[in-house]
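Before any comments, here is the structure.
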There are 2 protein chains.
Amino acid sequence: MRPTVHDIAATAGVSLATVDRVLNGRPGVRTVTRQKVEEAIGALGFTRDMAAVNLAKGRVYPFVFIVPQGNNSFMTKLSSEIRDAATRMRVERTSIRLVEVPPFDVDALVAAMKRVRDDKPAGVALVAIDASPVRAGIADMKAAGIPMVTLVSDVPGAGHDHYAGIDNLAAGRTAGSLMGRFLGGREGSVLVLAGSMLVRDHAERLQGFAQSMARISPTNPILPVLEGQDDPERSEKLVREALGKFQDCIGLYSLGAGNRGMIRALEHHATEKRAGALRVIAHELTPHSRAALAAGMIDAILNQDAGHEVRSAIRVLKAKADGQSVITAQERIRIDIFLNDNLPPEMEEENIHVSWS
Amino acid sequence: MRPTVHDIAATAGVSLATVDRVLNGRPGVRTVTRQKVEEAIGALGFTRDMAAVNLAKGRVYPFVFIVPQGNNSFMTKLSSEIRDAATRMRVERTSIRLVEVPPFDVDALVAAMKRVRDDKPAGVALVAIDASPVRAGIADMKAAGIPMVTLVSDVPGAGHDHYAGIDNLAAGRTAGSLMGRFLGGREGSVLVLAGSMLVRDHAERLQGFAQSMARISPTNPILPVLEGQDDPERSEKLVREALGKFQDCIGLYSLGAGNRGMIRALEHHATEKRAGALRVIAHELTPHSRAALAAGMIDAILNQDAGHEVRSAIRVLKAKADGQSVITAQERIRIDIFLNDNLPPEMEEENIHVSWS
DNA sequence: TATTTTTTGATGTACGTAAATCAAAAAGTG
DNA sequence: CACTTTTTGATTTACGTACATCAAAAAATA
């Protein structure tokens with residue numbers, strides 16, 4: 001069986017109380033004694049029984065997640081994943097409160113952060129906006145000793161503990177790389193649809209995309225970026241107009257959350273004429289984009305798994321709250337690439353709750 | 001605070017003992033009483049404190065992993081991931097024993113399974129070989145009441161609980177799809193290097209690859225498959241000869257573990273002439289294939305994450321051992337696609353051990 | 001050496017649940 | 001009704017650790 005504190009006490013030739021003092025860094029132990037205990041720990045290969053630790057400590061982890069109110073599929077998914085994790089985590093003494101704020105609203109976000117801070121939670125995760133009041137708010141939290149991670153969208157240099165999200169520059173590069181190869185040397189220009197260049201993820205994706213395209217297929221010019229504000233109508237209109245205007249367009253990269261509008265524009269475009277000629281790469285696997293991929297209208301979808309991001313954020317917050325180190329390799333959020341050949345099976349119930357009865 | 005068994009007893013108006021009987025499905029409770037208790041559980045939203053449960057039960061999960069002795073990077077990685085998980089899982093009352101058997105040896109595998117079975121572990125994971133003695137062995141284990149999952153390579157219809165691995169047919173299709181698009185309509189034939197068609201994963205990948213190629217670029221013929229037995233020398237020789245013989249070859253798909261040999265052949269080929277003309281897609285991200293991808297020699301790498309597979313197998317075994325249901329969506333092993341644009345950062349220490357103080 | 005300070009031991013309670021025992025009550029049987 | 005069987009209650013111990021208290025021993029200081 002696994003060694004216990006009693007075994008350590010026995011092999012070290014000290015009392016339980018002393019072992020406890022060493023294990024929990026309490027004062028009043030001579031260096032020699034401490035070493036004896038540590039030797040015994042090493043020799044026996046002792047590791048604490050976390051079940052017992054948690055039980056004895058009665059520790060709870062009240063975490064707060066601050067996310068923009070879902071106006072698009074991705075944010076809706078994110079919220080639902082957070083709620084899901086919340087119910088699943090109850091078993092592990094972790095409570096998660098979900099705070100929703102108006103999207104793209106710096107003041108609202110900062111105000112919410114202030115309120116949250118006064119609750120003194122054990123950790124906070126938030127979808128950041130890249131603005132200095134937000135940076136200040138994060139610093140504020142950290143000053144109050146609250147572990148902080150950013151989720152999905154980062155704000156560099158704010159002193160937070162971690163960013164749980166994909167590398168958007170790499171995502172853009174990947175998209176550009178795929179696009180370049182998909183075009184296969186054909187002549188023509190490439191269109192980019194974004195939400196807004198004011199959002200960091202979008203800006204980074206564009207940057208990466210341009211990098212790769214310049215490298216792989218420098219002969220295909222990138223047209224001026226369309227900013228659809230992640231709004232279906234606006235996105236549809238923009239794409240439609242652009243496709244009409246630039247007859248030589250052979251590629252389209254949708255790097256934001258404007259897929260629904262873009263798809264409608266593509267449907268119109270397909271009935272028009274020159275069908276299969278357009279290579280399309282989009283972000284985020286949603287029911288809409290998925291259907292378009294399956295139908296062959298979209299060629300590839302880059303995806304970030306919201307569930308992974310949420311769970312990673314929780315792990316990191318917990319580790320920080322316990323003063324433990326984080327396994328970096330395990331917390332990297334990968335960029336999923338879906339073609340219609342490796343599309344995961346559709347789940348009616350994406351999240352099935354287990355009853356631990 | 002969270003409700004406890006005491007709270008249930010109080011609200012249901014029964015004793016602790018009765019609550020315990022209901023919770024643990026013990027006999028001797030009238031249906032009416034049982035319902036009262038269940039109502040109270042529902043009303044209070046009670047969930048068991050797993051920390052306390054594990055502590056009280058003193059339950060341990062002795063699992064066994066049976067894998068082929070690592071003769072290639074992937075299997076080495078797999079073993080190391082298992083060892084890694086083993087140390088990390090000690091904290092959660094899970095012990096994992098790693099049993100290594102000679103590769104591709106049905107008799108050795110079956111013999112090992114028999115020995116393992118007599119140990120009566122709480123669960124077994126194994127890299128299966130698609131042969132009927134193996135099927136029988138699995139049935140045997142199940143008959144002994146031992147939960148079973150296959151890892152990496154499946155053997156259908158053996159009555160095991162789960163397969164923790166990627167969909168190899170989909171992987172092949174994805175490779176074919178990428179290859180088809182990368183070729184971009186150019187004329188030329190495509191070469192496939194496999195380990196052995198007797199291994200199920202390889203056969204399935206080829207099948208999927210052929211499917212996609214037939215659909216997307218039917219004008220590019222697939223040359224007779226090279227079987228390199230996952231041996232570097234043999235693979236190198238085969239690829240070298242084939243590239244010399246089929247001058248019109250513009251694509252190469254390495255679907256097994258013969259990357260090292262293939263890469264050497266490609267190096268030779270590149271110095272020869274017609275450099276960038278060859279599109280290459282390979283499986284498994286290893287130091288070698290990674291370097292080749294970074295150097296532009298390989299265009300894409302499909303990868304299965306051994307760590308994910310191992311952890312998934314453990315989760316499933318644990319759930320089965322506890323008679324709990326599995327969250328299917330969470331256990332799907334995804335097919336990673338790497339271009340040199342989304343290559344994860346290289347980790348010197350791929351697996352960092354956390355010291356739990 | 002006497003005194004103070006530091007270190008160590010001994011012991012008990014708590015955490016939430018499992019599991020067992022024995023007694024008591026209720027239900028069912030003839 | 002007396003009796004048996006089933007159901008329920010009351011109580012205790014255990015799991016491995018945390019944490020607190022008080023006494024005892026050892027070391028450091030005067």
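Every value quoted in this text rests on a predicted model; they were computed, and no experiment measured them. Naming convention: chains lettered A, B, ... in sequence-line order (proteins, then strands); numbering from 1 in each chain.
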Over all heavy atoms of both residues, which pair between [X] and [Y] is shortest? Give the atoms and the distance, please.
X	Y	result
A:Leu78	A:Ala306	CD1-CB, 3.9 Å
A:Glu309	A:Phe74	OE1-CZ, 3.8 Å
B:Arg334	B:Ile166	O-CG2, 3.7 Å

Q | Which residue lies more 5' along DNA chain C, comparing A:Val32 with A:Leu16 via nearest heavy atoms | A |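 This one resolves to A:Val32.
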Q.
Using a 4.0 Å heavy-atom cut-off, does B:Gly28 contact any base of the nucleic acid, only the sugar-phosphate backbone, or nothing at all?
A.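 Base contact.
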Expressed in angstrom and rounded to an integer, what is the separation of [X] atom [atom1] from [N] atom [atom2]?
X	N	atom1	atom2	result
B:Leu55	C:dC15	CG	C1'	9 Å
B:Arg48	C:dA18	CZ	C1'	9 Å
B:Asp49	D:dT17	CG	P	16 Å
B:Asp7	C:dG16	CG	P	9 Å
A:Leu44	D:dG16	CG	C1'	15 Å
B:Ile41	C:dG16	CD1	P	17 Å
B:Asn54	C:dT17	CG	P	12 Å
B:His6	D:dA10	NE2	P	12 Å

(Q) Taking B:Ala51's backbone N and O only, do any of them form a donor-acceptor pair with B:Asp49's side chain (distance below 3.5 Å, no angle check)? (A)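 Side chain of B:Asp49 to backbone of B:Ala51, a donor-acceptor pair under 3.5 Å: yes, one is there.
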Q: At under 4.0 Å between heavy atoms, which parts of nucleotides 19-30 of chain D does protein reach? Answer with one letter per nucleotide, 5' to 3': B base, S sugar-phosphate only, - none.
A: B-------S---
**Q.** Selected nucleotide, minimal atom distance to A:Thr18 side chain, candidates C:dT17, D:dA10, C:dG9
**A.** C:dG9
Q: Check every atom of D:dG9, D:dG16, C:dT17 against the side chain of B:Ala52 and return the nucleotide holding the closest atom.
A: C:dT17
Q: Please determine which of B:Leu317, B:Thr94, B:Ile314 meets the side-chain contact (heavy atoms from CB on, under 4.5 Å) test together with B:Tyr61.
A: B:Thr94
Tell me which donor-acceptor pairs under 3.5 Å the side chains of residues 110-117 of chain A have, and how far apart each pair is, sequence neighbours excluded?
unit_1   : atom_1 : unit_2   : atom_2 : d
A:Arg117 : NH1    : A:Asp140 : OD1    : 3.4
A:Arg117 : NH1    : A:Asp140 : OD2    : 2.2

Counting only pairs under 3.5 Å, give me each side-chain donor-acceptor contact of residues 142-162 of chain A, with atom names and distances, residues two or more places apart or in other chains.
unit_1   : atom_1 : unit_2   : atom_2 : d
A:Lys142 : NZ     : A:Asp161 : OD1    : 3.0
A:Lys142 : NZ     : A:Asp161 : OD2    : 2.9
A:Thr150 : OG1    : A:Asp154 : OD1    : 2.8
A:Thr150 : OG1    : A:His160 : NE2    : 3.4
A:Thr150 : OG1    : A:His162 : O      : 3.4
A:Ser153 : OG     : A:Asp201 : OD1    : 2.8
A:Asp154 : OD1    : A:His160 : NE2    : 2.8
A:Asp161 : OD2    : A:Met148 : N      : 2.8

Q | Of B:Val29 and A:Val53, the one whose closest DNA chain D nucleotide lies more 5' | A |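 Its nucleotide being nearer the 5' end, the pick is B:Val29.
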